[in-house]
Amino acid sequence: MKLKYFFFGVALISLTSFSNDNSEEKYIETTVQSNLVVQTSEGEKLIAKSDCIGCHKLDKKLIGPSYLDIAKKYALNDKNVTYLSGKIIKGGSGVWGSIPMSAHASLKKNEANSMAKYILSLKK
């Protein structure tokens, strides 16, 4: 029995001796290097901050079409970017079904253009 307590004590002491208790440093900054580069566009950031995610998903139809389905239907060109950014701002219905998309009148034209360009850039 004494041997168990002895080994337990040795294990406990050895584990605590490896800790680096520096009371002056509260936060430790770590950096991880990776070959993976994640780029986020302005349009992607705007979509993430908006209410779009309530009706649209990247790869699944929710209430509205998925972003990938939209990208498959429309080519990435100025005409389609203008058309889709107008739909984003003014809303619309009938293209993807009977449920209308609400208007986003608070968005600026350049923000809607960035969102439309991001969506159309998803075409594979």
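The model shown is predicted, which means the values in this text are computed figures rather than measured ones. Values below: every heavy atom of this structure, side chains too, minus hydrogens, waters and symmetry copies. Heads up: numbering here begins at 1 and tracks the sequence.
Minimum interatomic distance between Cys52 and Ser50 (heavy atoms only, all atoms of both residues): SG-OG, 2.9 Å. In this structure, Ile63 and Gly54 approach most closely via the heavy-atom pair CD1-O, 4.0 Å. Of all heavy-atom pairs spanning Ala75 and Leu120, the tightest one is O-CD1, 3.7 Å. Shown here for Asn80 and Asn77, the closest heavy-atom pair between the two residues is N-OD1, 2.8 Å. Listed here is the closest heavy atom pair of Ile89 and Ala103: O-CB, 3.4 Å.
When side chains are defined from C-beta on, Lys49 does not count as touching Glu44, because their heavy atoms never get closer than 4.5 Å. At least one side-chain heavy atom of Ile47 sits under 4.5 Å from a side-chain heavy atom of Ile119. Here the side chains of Cys55 and Met101 are not in contact, with every heavy-atom distance at 4.5 Å or above.
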(Q) Between Ser85 and Asn113, does the side chain to side chain donor-acceptor pair (under 3.5 Å) criterion hold? Intermediate values first, please. (A) CA-CA 5 Å; Ser85 62; Asn113 279 343; 2.9 Å; yes
Q) Lys117 and Ser114: side-chain contact (heavy atoms from CB on, under 4.5 Å), yes or no, with the steps? A) CA-CA 5 Å; Lys117 284 179 185 176; Ser114 295; 5.8 Å; no
Q) Should Tyr74 and Val81 be marked as a side-chain contact (heavy atoms from CB on, under 4.5 Å) after you check the CA-CA gap, both sets of side-chain angles, and the distance that decides it? A) CA-CA 9 Å; Tyr74 300 101; Val81 168; over 6 Å; no
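Classification of the Tyr118-Tyr67 ring pair by plane angle, with boundaries at 30° and 60°, yields perpendicular.
The neighbour count for Lys123 NZ, taken as heavy atoms of other residues, nucleotides or ligands under 6.0 Å away, is above 12. When the shell of 6.0 Å around NZ of Lys60 is examined, it contains 12 or fewer heavy atoms from other residues, nucleotides or ligands. Counting heavy atoms of neighbouring residues, nucleotides and ligands inside a 6.0 Å radius, atom CG of Asp78 does not exceed 12 of them. Dense packing is recorded around NZ of Lys109, with more than 12 heavy atoms of other residues, nucleotides or ligands lying under 6.0 Å away. Counting non-hydrogen atoms of other residues, nucleotides and ligands closer than 6.0 Å to NZ of Lys73 gives a total above 12.
For the atom pair Leu46 CG and Leu107 CG, the distance stands at 7.5 Å (nearest 0.5 Å). Within the model, atoms CG of Leu122 and NZ of Lys72 stand 11.0 Å from one another, a figure rounded to the nearest 0.5 Å.
In the hydrophobic clustering of this structure, Met115 groups with Leu76; members are Ile, Leu, Val, Met, Phe, Trp, Tyr whose side-chain heavy atoms approach within less than 4.5 Å, directly or through other members. Put simply, Ile53 and Leu58 are part of two different groups of oily side chains (I, L, V, M, F, W, Y) that touch within less than 4.5 Å, one to the next. Hydrophobic clustering (ILVMFWY, side-chain heavy atoms < 4.5 Å, transitive): Val95 and Ile88 are in one cluster.
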